[in-house]
Undergrad: 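What follows is a structure written as structure tokens; I'll ask about it next.
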Amino acid sequence: MKVRSTWATAGVVALCSCGAHTSAVRDVGSGAAALEQDWWQRAVFYEIYPRSFSDSNGDGIGDLDGIVSKLDYLKELGVDAIWMTPCFPSPQVDFGYDVLDYENIDPMYGSLSDFDRLVSEANKRGIRTILDLVVNHTSDKHPWFVDSRSSRAAAHRDWYVWRDGKGPGALPNNWTSIFGGPAWTPDPATDQYYYHYFFPQQPDLNWRNPAVQNAMFDVTRWWYGRGVAGFRLDAVDALYEDPQLRDNPVLPGEDLSGAPRQEHKYQTKLPEVHDALRALRHVADESRAILIGETWTDSVSELREYYGVSRTEMQMPMDLMFTQLRFSAPALREHIAAVDGAGGWPVYVIGNHDVARARDRYGDGQHDLDIAKVMAALQLTLRGTPIMYYGEEIGMKTTDPVRREDVKDPIGRLAWPKFKGRDGERTPMQWDASHEAGFTSGVPWLPVAPDYQSLNAAVEGRDPDSILELYRRLIGIRRTHQALLDGTYTPLAEADPNVLSYLRVSGDDAVAVALNTSASPQDVDFDGLQRGYAFPETLLTTGGSALRGGRISLAPFGVWIAALRRTSSAN
Ligand code: ISL
Ligand code: CA
């Protein structure tokens, strides 16, 4: 069934209000005009999970030299910045999110000199390096915690959150860890409990202690001095806890461990978080570095707060709500409008190392690859910075372990079979059809997905219709069209239930995008635009979508992107 809808007047309204939009857009935080956007606003970011990207020495674990060997691939893809999840020395209980030395590299990944080489090789290719700062907690093996637990009088005692139980054998309160079980672990040596929002091996730092703050600020300075362009700040909303230790409200249902669910009201999102972020930003500004936030928010207004009053907090709080959206034009349209209108520079994320792969999450089980292509086109043509996750560009699938004994992520072992953990989105990158997908010459730490012989970067690099080629073309188009870099975002045909369409405009440059989120062909009227911008020059289409007789005929899950020129009547 063909469905017809129209872009009619939307285009005209959009074009007329362009000036007003522009002034808002041009307030980009640094006070600079949009034409002088900061590098991170124009950049395409790419998240690397180092264990799973490329193994250079055959031990089955990806490493820094492996990443260096793939920089040309990333450059060719069009990546401007890589964010590496933690590669600091760590017992690896939470695969690096349990740090025991913030100023070194874990030997399994290489050495500091390998790191320096990585930064300089990346820089040679115009790629900046972002590290992941685990600010909320350390490993229980970190010398700070080892000292802290040694005695109540220890120098680092107050670097962590120690409390007495409420009575003999009773915990300080009802708080739970989001990884299951109580958030308090008793420590017989000093007869108190320590607090951990994550695993017991990840004790929370006490951010109310200025010594802790200064130590973390110094860590960031140390890496900025080594050429790091910024940090992704891990679990920022968990930095502070209620000093009165009030009990959390209990909710219906069960958490991962089968205990009653609770609202983590007194453990997260305390207002003090923003003081810490301003201080971290102050230090970042000394080195013109950027802060990216792992900001799991419940609303756009909450997301907005992370930019800070007068943009004094993070430049790039991630919109992770995007990963939870349904793949449907109305749901996407509504959310994008809210984020775009929130006043900060949007940061769109469709997948990461904590959630199922985008291909399966947005997919309907039948057209997953087509849907992944639509999501790629969307993420790379919106107003804002895209952060990709490795493997997304080749359409990798979530590959969960089949047996509990094969699970590596401790949450998966705990919550099996209800939740199989995060291994599924962390399987080795599929480079080619050779031994273990070209990831390692040895035995990979997590099995390579069984589809690697046909689903890999080498095969897709030779196929003009592959998702990898689509990503390359999209990034290329993004780079060469000012409208896609800094242009306003104007939704079109907002009542259309199946097609998400919008216009991006920057001065004389305009790009129109139409995305069919349905499994049937759709027709979109092109009339409205002709009064302001016309003469479409097709930049990219999928599935044979095309402009026919003034209408855009979109294939099922089709993508149509075109550059427009301003007509004389559009002044
Ligand atoms: O992973 C999640 C759900 O599956 C999230 O709740 C996640 O644990 C939380 O957002 C914090 O994530 C970050 O810190 C964790 C680490 O395990 C995650 O990998 C990291 O992204 C603890 O450091
Ligand atoms: Ca290795």
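Just so it is clear, the values below take in all heavy atoms, side chains as well, and ignore hydrogens, waters and symmetry mates. Remember, it's 1-based here, ligands and their atoms both numbered in the order they're listed. From a predicted model like this one, the values you see are computed outputs, not experimental measurements. Residue numbers run from 1 in the order of the sequence given.
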Undergrad: Would you say the side-chain atoms of S177 pair up with the backbone N or O of F179, donor to acceptor, closer than 3.5 Å?
TA: yes
Undergrad: Could you tell me, atom by atom, which parts of ligand 1 come under 4.0 Å of a heavy atom of F179?
TA: 8 (O), 17 (O)
Undergrad: Is a salt bridge present between K141 and D98, judged by a nitrogen-to-oxygen distance below 4.0 Å?
TA: no
Undergrad: Compare R422, E294, Q202 and give the one whose heavy atom is closest to atom 11 (C) of ligand 1.
TA: E294
Undergrad: For Y194 and D187, work out which heavy atoms get closest and say how close.
TA: CD2-CB, 4.5 Å
Undergrad: Going by the order shown, which atoms of ligand 1 are within less than 4.0 Å of some heavy atom of D94?
TA: 15 (C), 16 (C), 17 (O), 22 (C), 23 (O)
Undergrad: If I compare all heavy atoms of G395 with all of R359, which pair ends up nearest, and what's the gap?
TA: O-NH1, 2.8 Å
Undergrad: So what's near the Ca ion (ligand 2), protein N, O or S atoms under 3.0 Å?
TA: D55 OD1, N57 OD1, D59 OD1, I61 O, D63 OD2
Undergrad: Could you tell me which residues satisfy side-chain contact (heavy atoms from CB on, under 4.5 Å) with E121, sequence neighbours excluded, listed by chain and number?
TA: V68, L71, R117, K124, R125
Undergrad: Quick one: which ligand 1 atoms are inside 4.0 Å of a heavy atom on R426?
TA: 19 (O)
Undergrad: Is a salt bridge present between R422 and D409, judged by a nitrogen-to-oxygen distance below 4.0 Å?
TA: yes
Undergrad: If you round to the nearest 0.5 Å, how far is CD of E76 from CD1 of I475?
TA: 11.0 Å
Undergrad: For atom 20 (C) of ligand 1, what is the closest protein heavy atom, and at what distance to 0.1 Å?
TA: D234 OD1, 3.2 Å
Undergrad: For R278, give me all partners under salt bridge (charged side-chain N to carboxylate O under 4.0 Å, His left out), at least two apart in sequence or on another chain.
TA: D275, E313
Undergrad: Which atoms from ligand 1 have a heavy atom of H137 less than 4.0 Å away?
TA: 22 (C), 23 (O)
Undergrad: Holding to ring-ring contact (aromatic ring centres under 6.0 Å, His included), I want the full list of residues that pass it with H335, two or more places apart in sequence or in another chain.
TA: F322
Undergrad: Less than 4.0 angstrom from a charged side-chain N to a carboxylate O is my criterion; do R361 and D368 meet it?
TA: no
Undergrad: Got the closest protein heavy atom to atom 6 (O) of ligand 1, with its distance?
TA: I178 CD1, 3.4 Å
Undergrad: Could you tell me whether D406 and R403 make a salt bridge, using a distance below 4.0 angstrom between a side-chain N and a carboxylate O?
TA: yes
Undergrad: Within a distance under 4.0 Å of any heavy atom of W296, pick out the atoms of ligand 1 and give their elements.
TA: 10 (O)
Undergrad: Classify the contact between D354 and ligand 1 as side chain, backbone, both or neither, using a heavy-atom distance cut-off of under 4.0 Å.
TA: both
Undergrad: If you measure from each non-hydrogen atom of R232 to ligand 1, which part falls under 4.0 Å: side chain, backbone, both or neither?
TA: side chain
